[in-house]
Structure formats: structure tokens, C-alpha cells
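Just so you know, these numbers use all the heavy atoms, side chains as well, and skip hydrogens, waters and symmetry mates. In the text below, chain A, chain B and the rest are named by the order of the sequence lines, each starting its count at 1.
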Amino acid sequence: MGTDRFIRIALPTATVFAFLIAWTVYVHTAEVSAFILPTPMQIVSAFIGLVSDPDIWGHALVTVTEAVSGFLIAVVLGISLGMAMARVQMLEWAFKPFIVCLQLIPKIALAPLFILWFGFGLESKIVIAAALAFFPVFSNALVAFRSVEPGDRDVFTMLQANPVQRFTMLDLPTALPVVLAGMEVAVVMSMIGAIVGEFIGGNEGLGYLAVAMLQELQVPGLFAVIVLLTLIGLTLYTLIAQLRGWLTPWHASVAGKSRDS
Amino acid sequence: MGTDRFIRIALPTATVFAFLIAWTVYVHTAEVSAFILPTPMQIVSAFIGLVSDPDIWGHALVTVTEAVSGFLIAVVLGISLGMAMARVQMLEWAFKPFIVCLQLIPKIALAPLFILWFGFGLESKIVIAAALAFFPVFSNALVAFRSVEPGDRDVFTMLQANPVQRFTMLDLPTALPVVLAGMEVAVVMSMIGAIVGEFIGGNEGLGYLAVAMLQELQVPGLFAVIVLLTLIGLTLYTLIAQLRGWLTPWHASVAGKSRDS
Amino acid sequence: MNIENTADIRIVGIGKTFGQGENAVRAIGDATLDMQRGDFISLLGPSGCGKTTLLRIIAGLEQPSEGEIIVRNRSVWEGGKRSSEATRPVSMMFQEARLFPWFSVAENVALPLRLRGVKKAEREERAHTLCETVGLKGFEKARPSALSGGMRQRASLARALITEPQVLLLDEPFGALDAMTRDTLNMELMSVCAKAQVTTILVTHSITEAAFLSDRVVVLASRPARITEVIEMPFERPRTLDLQRKPEFQDMLVRLRASLTGGH
Amino acid sequence: MNIENTADIRIVGIGKTFGQGENAVRAIGDATLDMQRGDFISLLGPSGCGKTTLLRIIAGLEQPSEGEIIVRNRSVWEGGKRSSEATRPVSMMFQEARLFPWFSVAENVALPLRLRGVKKAEREERAHTLCETVGLKGFEKARPSALSGGMRQRASLARALITEPQVLLLDEPFGALDAMTRDTLNMELMSVCAKAQVTTILVTHSITEAAFLSDRVVVLASRPARITEVIEMPFERPRTLDLQRKPEFQDMLVRLRASLTGGH
Amino acid sequence: QDSFNFITPFTLSLAFAPVIYADAAGYYAEEGLAMNLQAGKGAALAAQMTIARQMDAGRTGGTNYIVSRVNNDAPLISIATIAQRSPFFVLSSKENPVKTIADLEGRTVGMATLGGSMEGTLDLMMTGAGASPDTVNKVKVADSAASFALIEAGRAGAFLGNTSSMIIASSARDDVEVMPIDDGMPGQVYVARPDEIAENPNKFISFLRATHRAAAEIVDAEDLTPILAKIGEKHDVTGLNNTETAQKDLHTNAQNWASKGKENILRNVPEVWERAVGLLADAKLIDKAVPASELYTNNLLDQALKA
Ligand SMILES: Nc1ncnc2c1ncn2[C@@H]1O[C@H](COP(=O)(O)OP(=O)(O)OP(=O)(O)O)[C@@H](O)[C@H]1O
Ligand SMILES: Nc1ncnc2c1ncn2[C@@H]1O[C@H](COP(=O)(O)OP(=O)(O)OP(=O)(O)O)[C@@H](O)[C@H]1O
Ligand SMILES: [Mg+2]
Ligand SMILES: [Mg+2]
């Protein structure tokens, strides 16, 4: 366990360092302009400057709020709709094409509509974050809830389980590993959604900051914002990945349980 | 079967009509400006105008090429990396945080880099489409390949199956239902990626056309382009959904097989 | 509580065909049988003759193609829909163990109580007692995946018994057990069923077991699927393992074997 | 082809402990046994005594905590790694049927041939022949989910036999079968093993079956897990079902039962 | 024959008519340039591509250029000012019009390119007009006539739109109040790398000559129809379909190009730059005072027009 944990930290750190070195070498040898791709060192110093400015945390909080709220809405909606359609074939036939269409519509084209309905504030960004994060959760929930074995269902039927019990003790545990995989995608999508939302309208958040930096070609600053965004996203992602260990300890998808074969 | 197929067509058609009527009513009663949300009728006539212009098919072909290529790259990469990491825990520890970070980075910020590396042509858009579509496939492949039951693996071990046989006859069939769910998300993402790529640069494709329409305030035209995009996306999506029936006919996720319970 | 004169379980002309046309498989044909409260019957028959299917139809898990099932004066299949009222007193143990990997062994055993809202302390106590009864002491906290095949089967049996059901459907509960364990559990089952007047249907491949436990043995045949014979087991209760060595019991085994072979 | 004087399978001081510390479960203790080519032995023992675990260790699916397995002069576990060379001649039938839902019954049965690159026509023919042997005629094209429990077990047996293996490990192959089918398949198995000099280890809970089929019966006990006795079955071959009625056979059953009970 | 790569900040539109028309009319070819026009997304991208030597020159916003040059040492120099003043207009509704900069007080104002300089100059203008900039809620919106609907819906009190947005919005509806803004900045500039210029100045001279020819022709034209037709032959330009608005659009743009006099078309007018740098420094939008003349060169244009 001790070495395991060590490796789990050491390995990605090593990869990241290798990547940063490769990056630095690339920038220097290929002579890429710092206005397109700064070196990691430049970004680090810009990052230090960024996080020592207290204003930044307000922006970060806005983005996190948007992403997390959007994510939660997506998870609740995705799981419940996925569940409902897994149960009732008719619902899937009636509404799935519809859901797919909604996903396909470029959100940027509808930006004015979002702002019209939800204003320039957090709401419109939460909606976009939720819209982007919804589909992976929904799609995985649909297939996962369908994968409950009929024999297992029969056990619960015989035990006269009510729908809630059936959901919490059978459907959900069966579906969780796959739903969690969808949630991992969704948490990333909700960050992207929040940022896209901030690109589209409003005047707060790290996405807004990134655009403002880009306008003036403060490219290291822009990358510093991206690093911050990425760190936040990675933290949220890690939380979800942790959930996997807590919620589905029995499943082979829990890290460290798989066997090389 | 006959009625089944009828219902499968009739139901979504009914939903779509209900939606269109609700939309029309909303636009009229809420007096939404036609510059934000045209009525379905206006869009339909713009759509007819759009598709009767032969130029449009060139743009559509560009977008489809980008999306499909990006999708295929994403599927191949997603399945192989997912498979590799499902097998070798170390690989996951080393590279997964990295992959997540890459996903989190707003692609728009990297646009200059994409163009630098891949030019203004199709390539840069294919890369963006592939980048967006990759993660759902990868994430689902990882959990799905992990879900192969150890007992099933044992059978193949005893039968001295080589890695390719193991992959095609055990891992892939087991993983397919969940991987297909990821591919359904991915095909949508690759369309979005292609469109985002066209927003970023170049002067071809339906995404470009959408921006151009918006600038001219041809809002019904913009929506007509979106409708066309959506139809294309829906077609691609339906193809993948069809694959489910062909590739995993034994699985409960195949439409019509699930039981209400 | 049911002091009416009618049967506890009535199987009336049940038939079941899977698939259609060329691929149709006739799993059960025209099965009719009445059981009184506390009756213990066994189903004996060749593999694939429809024993599981019949049990599933009685439990309301499979819709019969024809016929009717009545449990305690209620039809299990009312207008093509399963009546969960009718099947409430029924507990079923499936042919596969069907333990849930997200529960420990004790939690799996206690699941039926949990679903009925029994308090945690009480259900844990009862699950532990039952685990001990079926010989799983010390494995209460284990994950089902750490059990051997026979141990899983016993856990599944414990789960079927924990609710103290009035009707018990057992699908090959002792198939994966050694003779010793089987004898012990046979005795246990017999005492449970006798004590609480449980109406029991047991599917087994062991002629000895069928003869030893049952009031009546139903012999099934396949192709065509049907009930070939219903044989009374005229042994007094309470029965002990000694019964199995008695000549009249041995004769009965021969009789049953003949019936099975004839029906094949 | 192996005409050396050494044993075909050597089980040398095998032990296996699952888990660690307080939760440790001793599944096998110090098992030692030699088998010559064509030997047929059965493992008898209480549920959970480590029969499956021993089979899995021999097959190279579970790493022993101590000891060594040598199959045809090759160590199955070389330096903690499974040697797929050593296990090449071994075919194993698992306690669960483990059929794959994406293959039809015949495809499941033919799978081992397919993995060896046997042509489609040939493997289909052999699969059909074997399906008929195990009584699955007419179900070749069915999906495994449409089979009954016993039918699945038979399909799994057919899959284990189709490669005409030199070493056969069978984990309760007839557990879900009725007496008649069981007798038929017992005879079938015996003739297959005799004809091709297959070295066979059979796990069973039927004392009769063990005595009838085996050259030697290995009696296992749990707590502590160990081999309590290895008993020679001194019945001439070829054996017929009549043997089971002979007094010396009945005496052997009593002897085995005693050994099992003592070891418990 | 030299090749010349030029990047516009957005999809090809009539705002970029000088280069598009020069290309369509073959003026670059006459100068011996093989023109390659690329449409980018965002002024920053245009600048970045030029810095990265992917493009020889690009068009970007004047203020953004100055800030990025002074604060971030962007290796660029302005070789021409195409829009002499801000190409942006304040759009509001006639019911609640913005007629002076002070009218912005208390409103939610949408703008496409949110960022320090744009906001800063707006603040500057408001302070100059005696209004309090703190009361303005500046938000990012798409620079599209569609954004006018946000005003209609009451979500925004005004928004800054470019010439095309203004023309399209005001020709589509009759309740659009338009106020041009002059923030004192050079509106839109062509930028290039100084080292590239030093390496091959002739290429840039040829480019400016042809572009100037096209711009002057448009400014002078009585009837824009043939020009629009010419453009449409070669390029897919948004806004060409509706000839009426297209003419207005091009005409309004042309007025901007010539707003410091026809003789100053494409010229970096020193006084304008001087004042702009002063304003930006006062507003602390640039961190050091630099001589304005370092930020641009008129040499190339002079040589182009001399020959
Ligand atoms: N879902 C199904 N679809 C199609 N056929 C089925 C299905 N379930 C069972 N059958 C068929 O019905 C017949 C009876 O099956 P059943 O499981 O009832 O047999 P059984 O008597 O329980 O056999 P066993 O002793 O082997 O468990 C078999 O021929 C089987 O192939
Ligand atoms: N993966 C595992 N993890 C922990 N304990 C295990 C595991 N597999 C088996 N055991 C334990 O090892 C012991 C022997 O198990 P095994 O499956 O070999 O028994 P068996 O003799 O085959 O029993 P049965 O006749 O019931 O199949 C049991 O006590 C079981 O709990
Ligand atoms: Mg059965
Ligand atoms: Mg076992």
C-alpha cells in the first residue's frame, strides 16, 4: 500500500516532468514564439503572479460554482432520464433523438438565446455547463441501467422491493461503475461548458479572464489561467475518481484491483 | 415487429411535432425577436433555400469529413489506450491525469498552435474533432475492459488464446455495449469539434457558414444551417446506434430487448 | 391463518412455450397440481424438462402460455400481469446463487429483511444465526466472490429462509454440496418447513433427497414436456436419516427411478 | 508420447492461503500427489475445502502459496509466473458454466478449436457431434441464455472435451444433472478418458460417481485443509453401470463415506 | 513572384474590403504578389499568426496592438492604419437611446472584445464626459446584430457593434439608435514583424501599394456595385447577398478609412498615435511611456505611394 501510493503519485509526476522538459526543448529547438507557446518557466512565473493577485480567487470561485452546479444538474438529470428510458422503451424512442439533437446544436450559435433566457450572470453558464455534461452521464446511465441482469432483477421482484429500494440496492450499484465513467467525462465537460459560457457572455470567471488576456497577447498569463483552470478541473476530476473507490470498492474498475493478464 | 417499427418512427415524429408547435407558440406569445429565435416555419423555408443551393453540399462534405475522420481517430485511440490502461495499471497512473488535463484545456486557446502544426485546412479541424471525441470513448473503454469477469478471462487463459483472440472474442464483446455508449457521445462530440474548428479558422464547412450567417443577421439561415448540422449529426449518431444492434444483439441495451419491470 | 378448505397453491393446466414457429421450445405442458398448506413436494425430472420454468411461473417471474396459478386464492397472473399481492408470501431460491457483490455475505443474507424495513441490529442477528445454520460461520463479513461454489449456494439458501416464508420454492438448493452438508441441511430444511407449516416445492436431481423430504414427488418428463406421475411418499413424520436405510425407502427409490426412466 | 517413468502430474506440497493476518483463509494445506498418464482421480470433500482452489492451482490460474505443480515435467509456476507451455495440454471445465452470450451454443462449444485455428467446417461438425453426445441436439443455434442450468453445464463439458485434451480437470461437471443424464455422461466420460489415456481430475460431491469413475479417490478435509486419505478403487476396467450394484462397490461407498465423515 | 500571406481577424466581410478587393481585382498579382488570404478567429489569432511567421501581415485592433506591444513586447509593428477611428458604434434602442457617452451611465453594456484596453478606453471616455464608469456593467456579447435582441429583451442597455453589425441592425429594424464612438485610438491596423520587413521590404511595399489602390478606389467610388460584384466573383464574403446593406456597409467602412483625409488612407497618423499613447498611459493601461513613433512605420507606405 505504501509503495503503491508512492507510485501513484510519483508516476504522474514523472510523466508531467518529462512532458514539461519535452515542451521546453520543443519551444527552444523549434523556435516557437512565446506569443504562441510560452515555455513552462514563463508560465510558472506568470502563474505565480496570477495566484498572488487576490482578485483571481473571485474569478476562480465563479467558474467553480458554474461548473459544479452544471455538473450536479447534469448528473441528476442524466441518471434519472437514463434510468427512466432504460425502464420504458417508449420513452427512449420518443425522446432520445430529441436529446441527441439538443446535444448537436452548437451552443455558441444559441448564445443570445441563453443570455435572453438566463441573463449574463451565472445561470446561463450553469445551463451551458449542464448541457455539455449531461450527455455522457445520460448515455452511460442508459446502457448501464439496461445491463442489470434479469436474474438479479428477479431476486428483487421476489423480495417485493419497492422502486426506491430497487434503485438504491440493485440498479444503482450495478450501473455505478459505468455511470461513474460517464461522470468523469461529465466533470471535464462541465468545466469546458463553464468556460465556453464565459467566452460567450458576462464579465466574470477564469474563462472571461483568459479571453481578456488573449486580447492583449498576454500569452503566458493566458496559459497561467489555463493552468489554474486545469488544476481546478483535475481536482474535481480526482474527486469523482475517488468516488469510484468509495462507491464501488467491489468492482474491478477500482484502481489497483485489476490484474495484468 | 411491424407495429414496433411503426412506433419507433411515429413516437419521435410526434415528439418533434409537439416541440415545434410549442416553439411556435412560444415565439408568438412571448414575442421573441426573430433575430434571436425564428419560428419553425421561417426556419423551414430558410432550410429549403439552403439545401437547394448546390454550394451547401461542398460545405456539408467538409464538415462531415472532419467529423468522421476525427471520430475514427478518437475511436481507435480511445479503445487502444483504454484497453492498454485497463491492462496495465501503471500506464493509467502515469498517463491518465495527463489525458484529463489535455481534455480540460480550452481548445480555443490552443487554436494558434493547432494552426501552426496542422495549417488552416481540414487537418486542424480533424484534430480538434478527435480531441473532443476521444475522452468519452477512452473513459468508457477503460471501465468496460476492466469489467471483463476474471472467470471469463480464465476460460481464455486455459484455451491458450493469443492476445488478439482474447481481444476480439472476449474483451471487445464484453466491453462493446459500454464502449458503444461512449461512441454515441463521441460522434456528437466530433460534430461539435468540427464546428468549433471551423469557428476558429478557415472558410469552409457548415460551422463557417453558421458564423457567416450570424454576422449577416440571417438568423433563420443560421438556424437552417444548424438544422442541417443536426440532421447530419443525427444520421451519424443513428449509424452508431444501429451498430449496437449489429454488434451486440445479445445485450439488453439493444432497443426493444429491455423489459419493463 | 388460512383455514379455508381450498388448496394453498393451485397449478391449473399450466403450459409454457418459448419462442415461436420453428424455434419454439415447449418447456411445460398442461401441468396441473394442488398443494395444501404445509405440503412438501419435489420436482424430479431430466435436465431441461421445465422444472425451473414451472417454479418461475409459480413465482410470477415467467408468464405461462396457458393455464393459471393460484396462490392462497389469488391468481398470480391476472390478465397477463404479475400480481405482487399473490406472490407476497412466496420466497424463492434460484438455481444460481445470485449474491450481490456490493453486499457482504451477511448483508446478502439479511437483504430480504432490509427490504422489509427490519432494524439493522435485528436483521444482523438473524443473518448471523442463519449463517451459522448453513455453515458459513466466520464468513459473514466476506465478499461473495471469496466464497466457494457450495458456500454461495448456502448463502443463497439462507437468504431464502430468513423471511420465514409461508411458501418456499427451492431450485436445486443442494446441488453443489457434499453428502454430509446436504444431509445436515436436509434435516434443517425439513424441521423449518414442518415447524411453520411452509408449503414447499423443491427441485432436485437427487432421488433420495426427493423421497426423504417430500410428501409427494412429481415426476416430470420432457419431449413432450409434462407431469408423468405424482407419487405419494408414505413415510411418517418426523423423519430421521435412519429412514434412508429402511427397505421400504429403498423400494421407493427403485420405484421413483423406474418412473423417471419410463418417463424419459 | 511421454514414455518417461516420471509422473504425468506431480502435486508437491501445495498450500494456499487467501488473504492475510486475521482474515486469512487456509484453502489448501500441504497437498502432495502423483498421477501417472491416464490416471483418473476424484476429489471428494466438504464444500469449501479447497477442491476448486487445487484445480485452479494445477491449471495455473491461482498461484500456490507454497509447493510446486509439475505437469509433464514442466513446472506450472516458474518463478511466480504461470507457464503457458506447461498448461498447454490441460483442459479445464469450471464450476460455473461460463458460456459467452455473444456466441451460440455450438460456437461456445467450438470456441477452443476456433482459438486453435481449426477450419470452420471442421469445428462445426465436431461441435455438432459433441452437442449430440451431451444431449444438446437441436440447441446448437440457441443462445446460452435460452438453456436450462443443466444444459449449460453440459455445453460447458462439451467445450472442455472438444480439444481431445491429454489432461482434463473437471469441477463438478454433473452437479446440475439428473441421475439418468448423469449416468449416460459418466459412461461417455469414462470411455473418452480410457480411449485417449487422458489424465483426469474430477471434483464431485457424489460418492458413487467418484467410486465408479476413478482409479483413486482423494478425500479432502477442511479446517485444517488437507488430504486425509487416498483410496484405491480396485474395480476392473472396463466398468459398466452394473458395477454399481455389486456388493464390493457398495462396501467401497461405505468406506468412502466413513473416510469423509472422519475427515470432517 | 513573392507570396504574401494576410490574415483577417474574422470571417471575410466588407470591413476587410481593401485587401479582398485588391485581391479580387488582381492588384496584388499586378504587383507580383501571390496573395493568400486567410480568415482567422479573433484579432489575437491574427497577431499571433503574424508573430509566428505563419502570416506576413495581419489586421488587428489598434488599442490591443499598442497594449500588447508596449506591455508584452509583441514583436510587431504597425505598417498601416486602415480604420482611422474606432470601427465600433454604440447601439441602443430609440426608446431608451444612448446619444452621448454619458448616457451609458447605469447600463449593462455588451461588447465583443472585452478586456483591459477596450474597457479602459470606455472608462476614459466616460470620465472625460463627466460620467461615472463604475456604474456601467460591461459584459461580453457576440458582435452581431442579433445581440440587439438583448436590448429589446431588456437584458442589455446598449452594445458596441462594428460597422457591419450596426448597418445590418439598423437596416433590419427602425428603432436602432446609433452613436459612433471616437475613443481617440487608431481603430484597426495592419501589423507585421519588423525583422520580416527588414528582410524583404519590397514585398510589404507592394502589398501596401495594391491595398492602398483598392482602398482609395472604394473611397472614391460613386457606385459601389461593380466593386461588390468583383469581390463576389472571387471571394465568399458575408453580407454580399443583400446589395443595399452591402453598399451601406462598404460605404460606412470607407468613410472611416478616409476619416483623417483621403491623403491619410492607410497612414499611421502621428497625432492620433501620439494622443492614443498619452491616453493609454494616463489610464495606466500601458505600463511605460514610449514615444508613439516607435510603434509604427510609415516608411513602407511612403515608398509605396512614391513610386
Ligand atoms: N428464456 C428462455 N428462452 C428460450 N428457451 C428457454 C428459456 N428458458 C428455458 N428455456 C427452455 O425451456 C426448457 C426448460 O428449461 P428449464 O430451465 O425449465 O429446465 P430445467 O428443468 O430447470 O432444467 P435443469 O434441470 O437443467 O435446470 C429448456 O429446453 C430450455 O432450453
Ligand atoms: N478469491 C478468494 N478469496 C478469498 N478466499 C477464497 C477465494 N476463493 C476461495 N476462497 C476460500 O477458499 C476456500 C476453498 O474454496 P474452494 O472454492 O476451493 O472450495 P471448494 O472445495 O471448491 O468448495 P465447493 O465444493 O463449495 O465448490 C473457501 O473457504 C473459500 O472461502
Ligand atoms: Mg433448472
Ligand atoms: Mg468448488
Distance-only criterion, 3.5 Å: which donor-acceptor pairs connect chain B and chain D?
unit_1   : atom_1 : unit_2   : atom_2 : d
B:Glu149 : OE1    : D:Arg98  : NH1    : 3.0
B:Glu149 : OE1    : D:Arg98  : NH2    : 3.4
B:Asp152 : OD1    : D:Arg98  : NH1    : 3.0
B:Asp154 : OD2    : D:Arg56  : NH1    : 2.8
B:Asp154 : OD2    : D:Arg56  : NH2    : 3.1
B:Gln160 : NE2    : D:Ser84  : O      : 3.3
B:Gln160 : NE2    : D:Thr87  : O      : 3.3
B:Gln165 : NE2    : D:Leu115 : O      : 2.7
B:Met169 : O      : D:Trp102 : NE1    : 2.8

* Asked: If you round to the nearest 0.5 Å, how far is CG of D:Leu115 from CZ of B:Phe156?
  ->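 The CZ atom of B:Phe156 sits 5.5 Å away from the CG atom of D:Leu115.
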
* With a 4.5 angstrom heavy-atom cut-off, which part of B:Leu247 approaches chain D: side chain, backbone, both or neither? ->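 When you check distances to chain D, no heavy atom of B:Leu247 falls under 4.5 Å.
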
* To do: Report yes if some heavy atom in the side chain of B:Met169 is under 4.5 Å from a heavy atom in the side chain of D:Phe100; otherwise report no.
  =>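 A side-chain contact is absent here, since even the closest heavy-atom pair is not under 4.5 Å.
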
